Novice: 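The structure is given below, and queries will be raised subsequently.
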Amino acid sequence: MQSPGTPKGINHLVLNVCDIDASHQFWTEVIGFRQVGELEPTPGRREGVKMRFYSGDNDGQTHHHDLALVEKNTLPPPDKGEWGPFASTSAINHIAITFPDREAWLARLEHVRTMGVKFDSRVNHGMTHSLYIRDPNGYGVELVYDLPREVWQGDIDAALNYVEILPTEGAEALEDKKDVPVFGQRV
Ligand SMILES: [Fe+2]
C-alpha cells in the first residue's frame, strides 16, 4: 500500500560549485543542458549571489529547471584522485543524467570524448548502461540510458547488483552491447 502523498521523483538538483563559469561550460557544452534562467540580485538581498538554472530536453519540452548552480568560493578544492563510486570523498557521490535512448547516449559519449573529457569508468548495470565522468568540482556524473523495464523489473535488486566493467579507452570505449541479461526470469 502506498503512503499518502508518495513523491513521483526528483524535480531538480542544486549544486554548489567553485567556479560558475567553469561549471556552466561543463553542463552546457559537455553534457548538453541549456541555460533557462539566472537569479536576479535585488537591492539588499542576494548580493554577490550567482545562480543559474538549466534544463534538458524532455521530448521537445523544456523544464523550468532540472539543475541549478550556485557559486560558492569557499568550497574545498576538488578531489583529484581516482574517481570511483566508493573512492570519492566528495559530498556528492554522483549525479545520473538520463538520455532519451541508446543512440542519443552514444552520440553524447562520442561528443564527450571529442571534448577531451576523461572516461573514468564505463559500466553495464542491469538497468542502465553508464559512463562516469567528473565535473569541474570532482562530482561524479553518470550518463545513462535506461534498459527496457522488462529487463529489470522482475528483480530490481539483482539488476542493481549486476556490474560489467567496460573499456574506457580506444574504439571499445564507444561500443555498446544490445544483448543484455534479463532479471527475475523463470527458466
Ligand atoms: Fe548511479
Side-chain angles (χ1 to χ4, degrees), residues 6-18 23 26-33 54-59 63 65-70 75-76 78-113 115 117-169 172-184:
T6 304
K8 181 178 168 186
I10 292 174
N11 188 284
H12 61 268
L13 174 72
V14 181
L15 293 175
N16 284 337
V17 299
C18 302
S23 287
F26 175 84
W27 287 101
T28 55
E29 293 177 28
V30 177
I31 301 295
F33 279 102
Y54 300 85
S55 173
D57 182 313
N58 198 337
D59 291 332
H63 192 211
H65 65 306
D66 295 300
L67 172 78
L69 305 175
V70 176
L75 278 181
D79 176 3
K80 301 270 190 199
E82 275 298 300
W83 189 88
F86 310 113
S88 167
T89 57
S90 167
I92 304 285
N93 189 298
H94 66 278
I95 304 143
I97 307 299
T98 302
F99 286 80
D101 51 42
R102 181 176 183 270
E103 288 65 38
W105 179 80
L106 276 169
R108 182 54 58 172
L109 259 56
E110 203 168 336
H111 173 77
V112 167
R113 191 153 80 169
M115 299 281 293
V117 176
K118 180 178 180 247
F119 284 14
D120 282 309
S121 174
R122 262 206 62 203
V123 175
N124 284 350
H125 294 300
M127 64 296 167
T128 63
H129 285 183
S130 303
L131 167 71
Y132 295 87
I133 59 177
R134 261 176 293 187
D135 86 337
N137 295 276
Y139 307 147
V141 178
E142 179 184 1
L143 278 55
V144 311
Y145 77 91
D146 273 323
L147 297 176
R149 174 169 286 277
E150 310 81 74
V151 164
W152 47 265
Q153 69 178 358
D155 190 341
I156 293 175
D157 191 44
L160 288 166
N161 275 282
Y162 179 81
V163 175
E164 183 188 359
I165 309 285
L166 298 166
T168 53
E169 290 180 1
E172 290 170 306
L174 296 171
E175 283 171 11
D176 184 55
K177 280 198 308 195
K178 277 188 170 171
D179 55 321
V180 296
V182 176
F183 299 89

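Counting starts at 1 for both ligands and their atoms, in listed order. What you see is a predicted model, and the numbers here were worked out from it, not measured in a lab.
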Novice: Is the closest side-chain heavy-atom distance between Tyr145 and Leu106 below 4.5 Å?
Specialist: no
Novice: Could you note down all residue pairs passing salt bridge (charged side-chain N to carboxylate O under 4.0 Å, His left out) where residues 139-158 supplies at least one of them, sequence neighbours left out?
Specialist: none
Novice: Return the set of protein N, O or S atoms whose distance to the Fe ion (ligand 1) is under 2.8 Å, each given as residue and atom.
Specialist: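 You should have found His94 NE2, Glu142 OE1.
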Novice: Within a strict 4.5 Å, meaning less than it, do heavy atoms of the His129 and Val180 side chains meet?
Specialist: yes
Novice: Roughly how far apart are Arg108 CZ and Ile97 CD1, rounded to 0.5 Å?
Specialist: 11.0 Å
Novice: Any donor and acceptor pair, going by atom type alone, linking the side chain of Arg122 with main-chain N or O of Glu169 inside 3.5 Å?
Specialist: no
Novice: Please check if the side chain of His63 supplies one atom and the backbone of His65 the other of a donor-acceptor pair under 3.5 Å.
Specialist: yes
